[in-house]
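Working notes, structure below.
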2 protein chains.
Amino acid sequence: MGAPYHQFCPVSKAMELLDERWTMLVVRELVMGSERFNDLRRGLPRMSPTLLSRRLQQLERAGIVERTADGGDVRYRLTEAGEELRPVVEAVGAWGTRWIGELGDVDLDPKLLVWDMHRSVDVAAIPEGRTVVQLQFPDAPRGQRDWWLVITADETDVCDVDPGFDVNVSISSSLHTLTSVWRGDLEWGAAVKSGSLQVDGPAPLRRAVPEWFTLSVFAGVPRPAIR
Amino acid sequence: MGAPYHQFCPVSKAMELLDERWTMLVVRELVMGSERFNDLRRGLPRMSPTLLSRRLQQLERAGIVERTADGGDVRYRLTEAGEELRPVVEAVGAWGTRWIGELGDVDLDPKLLVWDMHRSVDVAAIPEGRTVVQLQFPDAPRGQRDWWLVITADETDVCDVDPGFDVNVSISSSLHTLTSVWRGDLEWGAAVKSGSLQVDGPAPLRRAVPEWFTLSVFAGVPRPAIR
DNA sequence: CGGTATCCCCGTCGATACTG
DNA sequence: CAGTATCGACGGGGATACCG
């Protein structure tokens with residue numbers, strides 16, 4: 001817990017827990033369904049493992065997270081109280097979507113983008129068998145330009161080295177463009193049309209690929225009217 | 001703004017602004033209707049004026065607050081973006097109400113309680129003319145035990161010295177009891193019955209006084225079922 | 001009323017390395 | 001995979017005084 005505010009208002013009491021750096025993002029990852037320490041880390045790559053560990057302990061003490069260890073299989077799950085933070089995360093995210101449109105270059109991160117996209121794969125829309133989507137970000141730092149999503153009915157794997165399978169669809173885009181599409185700031189079709197996002201592969205798959213990803217949960221938030 | 005998270009997620013971008021200490025409480029005060037620097041201070045008595053000033057400037061830069069100075073009359077008001085933080089504050093407060101029931105003695109503060117109550121006076125329920133409610137907290141620190149609310153149709157004044165008017169109703173309560181009633185953790189009737197809250201004055205006014213205050217906006221939040 | 005100026009401390013966080 | 005250990009810097013924020 002953070003420093004106390006010495007106020008009885010429930011907003012103050014809640015924020016004593018929630019306003020520490022990273023805490024809300026840890027909750028966000030849990031709300032998104034990550035349960036394991038290293039999965040949480042992948043969604044929070046700039047957070048040190050020490051701090052993640054401390055935050056998880058704090059959340060556990062606060063009754064928001066339950067840690068279970070079944071043998072070596074450690075899981076962090078939201079309790080009922082934690083699950084009720086979902087509306088808070090949603091309200092914050094909706095507000096951020098509407099009022100913080102501009103992204104700086106430092107906000108762009110191919111690791112995070114691919115990790116997020118892998119979580120939003122709509123298996124129902126994916127062809128039978130194994131589907132391999134290659135992602136290329138020519139403007140990303142060396143070593144973070146090439147990614148592969150290996151999608152089956154059971155799971156989606158993220159690879160930063162060529163897994164060796166045949167690629168079904170290859171997407172090449174600037175980091176900013178695909179991030180904008182993911183966030184719902186830019187439509188897929190507009191990105192393709194402008195040339196900043198290219199899709200390679202058989203025509204039926206090229207047409208289908210936008211359906212394969214449900215995008216960010218906030219992509220559908222209506223934006224403020226232009227004034 | 002706080003330190004950047006280097007994430008494109010709208011939750012991260014929003015929390016860069018909102019997770020700094022005190023920021024959400026400043027927004028809460030603005031949502032509750034305070035507009036002037038010293039009114040904000042009364043709702044945030046443990047916050048230094050320097051820090052309040054800095055937070056207001058940050059919120060202004062972020063497009064959440066608009067500062068207007070009409071002569072010497074300075075006002076801080078929420079912009080449209082700021083007004084849309086109301087659902088965030090409400091979600092946080094509702095969560096806190098449900099899941100952080102226990103208050104420590106350090107959370108109790110007569111200044112704050114009286115200030116909050118003065119904002120929740122339901123003028124429609126108050127008798128015509130001037131109504132003076134005396135509040136007494138025998139267990140509060142010296143100098144913070146006696147308060148008076150001077151209520152007219154136009155405004156409610158908070159006094160920590162006897163304003164000299166005849167008192168219509170006098171309420172005596174432990175700090176914890178009246179705070180609990182205010183928060184909706186304890187019903188007025190139950191507090192009276194238990195003897196920890198006493199009301200003095202003419203019988204009709206004694207019966208009417210619970211209607212004079214609408215209590216905390218979170219008082220009506222349903223509590224989790226006991227398990 | 002509506003703020004600034006200053007000062008110093010302490011705690012948080014970041015970075016890195018390492019372990020069962 | 002799931003964390004701990006260590007350490008240093010920095011800067012946020014608390015306290016207090018003061019000003020227009």
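Just so it is clear, the model here is predicted, and its values are computed rather than measured. Naming: A, B, ... by sequence-line order, numbering from 1 per chain. What's counted below: heavy atoms across the whole structure, side chains too, no hydrogens, waters or symmetry copies.
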Check the orientation of B/Y76 and B/F37. Use parallel for under 30°, tilted for 30 to 60°, and perpendicular for over 60°. tilted
Using a cut-off of strictly less than 4.0 Å, decide whether A/Y76 has a side-chain nitrogen or oxygen near OP1 or OP2 of D/dG3. yes
Side chain of A/Q57 only, please: which of D/dC1, C/dG2, D/dT4 is the nearest? D/dT4
note: B/L52, atom CG; C/dG3, atom C1'; distance rounded to Å ~ 9 Å
Taking distance alone, no hydrogens or angles, what donor-acceptor pairs closer than 3.5 Å link side-chain atoms of residues 53-62 of chain B to residues at least two apart or in another chain?
residue, atom, partner, partner atom, Å
B/S53, OG, B/Q57, NE2, 3.3
B/R55, NE, B/R21, O, 2.9
B/R55, NE, B/T23, OG1, 3.1
B/R55, NH1, B/Q58, OE1, 2.7
B/R55, NH2, B/R21, O, 3.0
B/Q58, NE2, B/E20, OE1, 3.2

Round to a whole Å and report the spacing from CG of A/L56 to C1' of D/dA2. 11 Å
With a 4.0 Å cut-off on heavy atoms, is B/R41 in touch with a base, just the backbone sugar-phosphate, or nothing at all? nothing
Each nucleotide of nucleotides 13-18 of chain D classed B (base within 4.0 Å of a protein heavy atom), S (only sugar-phosphate) or -, in 5' to 3' order, makes BSBB--
As a test of reading the structure: which of C/dG2, D/dA2, D/dT4 is closest to the side chain of A/N38, going by heavy atoms? D/dA2
Is any side-chain nitrogen or oxygen of A/S53 closer than 4.0 Å to OP1 or OP2 of D/dT4? yes
Residue pairs meeting salt bridge (Lys or Arg N to Asp or Glu O under 4.0 Å), one or both in residues 82-106 of chain B, sequence neighbours left out, come to A/E84-B/R98, A/R98-B/E84, B/E83-B/R86
Which part of the nucleic acid, if any, lies within contact of A/R67, taking any heavy atom under 4.0 Å across all strands shown: a base, the sugar-phosphate backbone alone, or nothing? sugar-phosphate
Here's one to test your reading of the geometry: is the NZ or CZ of B/R183 within 45 degrees of the ring axis of A/F8 and under 6.0 Å from its centre? no
